[in-house]
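Per chain, numbering begins at 1; letters A, B, ... match sequence-line order.
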Amino acid sequence: MPTLHTLNRGPSHASCLEECLSTMANDDTLLLIEDGVYWALPSHISVLNDVSHIRALKADVLARGLHQLSGTELVDDDGFVGLCTQHDRVVSWF
Amino acid sequence: MPTLHTLNRGPSHASCLEECLSTMANDDTLLLIEDGVYWALPSHISVLNDVSHIRALKADVLARGLHQLSGTELVDDDGFVGLCTQHDRVVSWF
Amino acid sequence: MIFTLIVQASPYQHQAPETALRFAKALLRQGHTLHRIFFYRDGVHNGSALVSSPRDEQNLPEQWQALAEEHDLDIVVCIAAAIRRGVLDATEAKRYERRGDNLHSAFELSGLGQLVEASLASDRVITFGG
Amino acid sequence: MIFTLIVQASPYQHQAPETALRFAKALLRQGHTLHRIFFYRDGVHNGSALVSSPRDEQNLPEQWQALAEEHDLDIVVCIAAAIRRGVLDATEAKRYERRGDNLHSAFELSGLGQLVEASLASDRVITFGG
Amino acid sequence: MSINKRFLLISRSAPYGTSAAREMLDIALTCSVFEQPVTLLLLGDAVLQLIRDHRPDEVSQKNLNALQASLAMYDIDRILIPETALQKHGLSTDQLSIPIELINAEQLPALIAEHDIVITI
Amino acid sequence: MSINKRFLLISRSAPYGTSAAREMLDIALTCSVFEQPVTLLLLGDAVLQLIRDHRPDEVSQKNLNALQASLAMYDIDRILIPETALQKHGLSTDQLSIPIELINAEQLPALIAEHDIVITI
């Protein structure tokens, strides 16, 4: 039943995240990729308070100099594939 | 001295408009083009309250079925060129 | 598991195709099946044989080609989207009387039906957009 | 007045090039001078000679070509942006050993210096992005 | 094709500024040709696609209203819009080009869960 | 070239997700090569371009920090960021890769007015 949502837009694209969140069920997972990883910055993470399962793509976090992001679990590309298999469908927000 | 600002993104891109507005001087003009013309809808126009000079590009208004937009002065392509000549520089927001 | 990927963004300008490439490599590494990669919208430019990159930058179309050859992948560029954007194989170049073609030989031009068919045949469909 | 236009978006996917075309026609109609149109980023695809459009849709690259020929315009495609995106003239196709070229003959590949030079020579520089 | 999967196409884009609206409809019609049930969900600015009386000849584009009108002929009759999106733009259903189904924001997660394939565009 | 014009380049984009940051720097360096004074204004997510310790080899891209570090050698030393943009992302100037000039939001209209050519990217 649960859905994996990926999101690749940064905080300037607030409506992209809002629309993503509006479709998320409690047991869904949000995977932040590309510019979406900036939502995991301490100054933005609170908008994700209602999301139980948050992951961020490791390559994108490292690429952008966000090594010290705490609190958000990182997944590598294999983990991304794993998340896809563990959820029934994937919805991409961009 | 005054600047012409064009903006081509719709209400989903609120930060595009916000950043545009943050750079506008009192005597500047805002020209809404392409998807930017939706800001002239009655439900959105109030965010432009502080802008003294607002125009919308006629072709884009008509293309999108917004013929009954009232309150916003329309300019055609010749008017767009005219606005460029009447201002010292043009800043495009997209 | 059987995957299909949809790539909707142009390479270089958007990161999405690079993310899709890494994802494709990871799923193949794990032993999953990649039924098809379908390139749509400006994503059709991933099929260009004319892209060149400085030596220290990656060439996405060539990487797709190499991956497809290594794993015998079906990489399809949407024909309707491609023709409007100037991505042609020899057949279409002739049909539309254009002076040449530019689709990398590993790619195939085909219709949106290939997207629907792939969705039916796959366990997961993942979109990469920009 | 002397104008230069910068077009940063790909045709068909974005409306910006079509807006730029209408703007260019309007300024020429009014007797202004169009010093140069500079195509940058995915805007380089405006220079593709391989785009085909159904009869009831417009072909932007052909329209640019027609306008340039009618008014003897200087329409320049950024060479660094173009090579990375697979838009080549015969010289670059040879230099990079690609199998063909696809730049419409009315366009010229050149460097960002042409953008700076045009800005200096013009009264107004207008960017069309998407 | 024998297997049926339920397709959900999600659009977030206004019409004409980009080709997204047009290219979503192209996927929808293809699903229908292949006899797959397809639902359209229009979020945010995508609601604006359904305003009536487009005159896109002004910007040299094809009329999306005409394509929208053809959806019913292809048995695509589930076009969903969240009430909040309509309200945000100050629109009411009688201003739209085709009949749509209003959905409460709370129903969106269930909507996603009842589809097999979700394609955003 | 003899005529001098003051160029202002405005970016609104985060790095790496699109090529905008890179292609803005390419214009900036070209202005400098042609001996034209150029100012960079980073708004919104563009501030994130200046976070330190990028490792873009992870996503097969070139390091923007390195390009940013070369700006000073090209006499491009006016890199402006609105205080509000920095605050929005919870960043302080000492977390950034290169020295920048903070600007009050109220000064932005005057900044635009003091430049001849404004290019957004």
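At a threshold of 4.0 Å, the pair A/Asp77-C/Lys25 does not count as salt-bridged, since none of the basic side-chain nitrogens sits closer than that to a carboxylate oxygen.
Of all heavy-atom pairs between C/Phe3 and A/Cys84, the closest is CE2-CB, 3.8 Å. Between A/Val81 and C/Leu27, the closest heavy-atom pair is CG2-N, 3.7 Å. The heavy-atom pair separating A/Ala59 from C/Arg22 by the smallest distance is CB-NH2, 3.5 Å. C/Arg124 and A/Thr85 make their closest contact through NH2-O, 3.4 Å (heavy atoms, listed as atom of the first residue, atom of the second, distance).
Of the listed residues (A/Ile33, A/Val91, A/Val90), the one with the most heavy-atom contacts under 4.5 Å to chain C is A/Val90. In terms of heavy-atom pairs under 4.5 Å with chain C, the best-connected choice from A/Asp88, A/Asp60, A/Thr6 is A/Asp88.
Using a 4.5 Å cut-off between heavy atoms, C/Ala9 makes no contact with chain A at all. For chain A, the nearby part of C/Gln8 is the side chain; its heavy atoms alone come within less than 4.5 Å. Contact of A/Asp76 with chain C is not made at all, since no heavy-atom distance falls under 4.5 Å. Interface remark: A/Leu57 contributes side-chain atoms only to the contact with chain C (heavy atom separation under 4.5 Å).
A donor-acceptor pair is defined here as one N or O able to donate and one able to accept, closer than 3.5 Å; such a pair exists between the side chain of A/Ser92 and the backbone of C/Thr127. In terms of modelled atom types and a separation under 3.5 Å, the side chain of A/Asn8 and the main chain of C/Ala16 share no donor-acceptor contact.
With no hydrogens or angles considered, no side-chain donor-acceptor pair links C/Gln15 and A/Asp35 at under 3.5 Å.
Heavy atoms from other residues, nucleotides or ligands lying under 6.0 Å from CD of C/Glu97 number 12 at most. The neighbour count for A/Asn26 CG, taken as heavy atoms of other residues, nucleotides or ligands under 6.0 Å away, does not exceed 12.
A/Asp78 CG to C/Phe23 CZ: the interatomic distance, rounded to the nearest 0.5 Å, is 10.0 Å.
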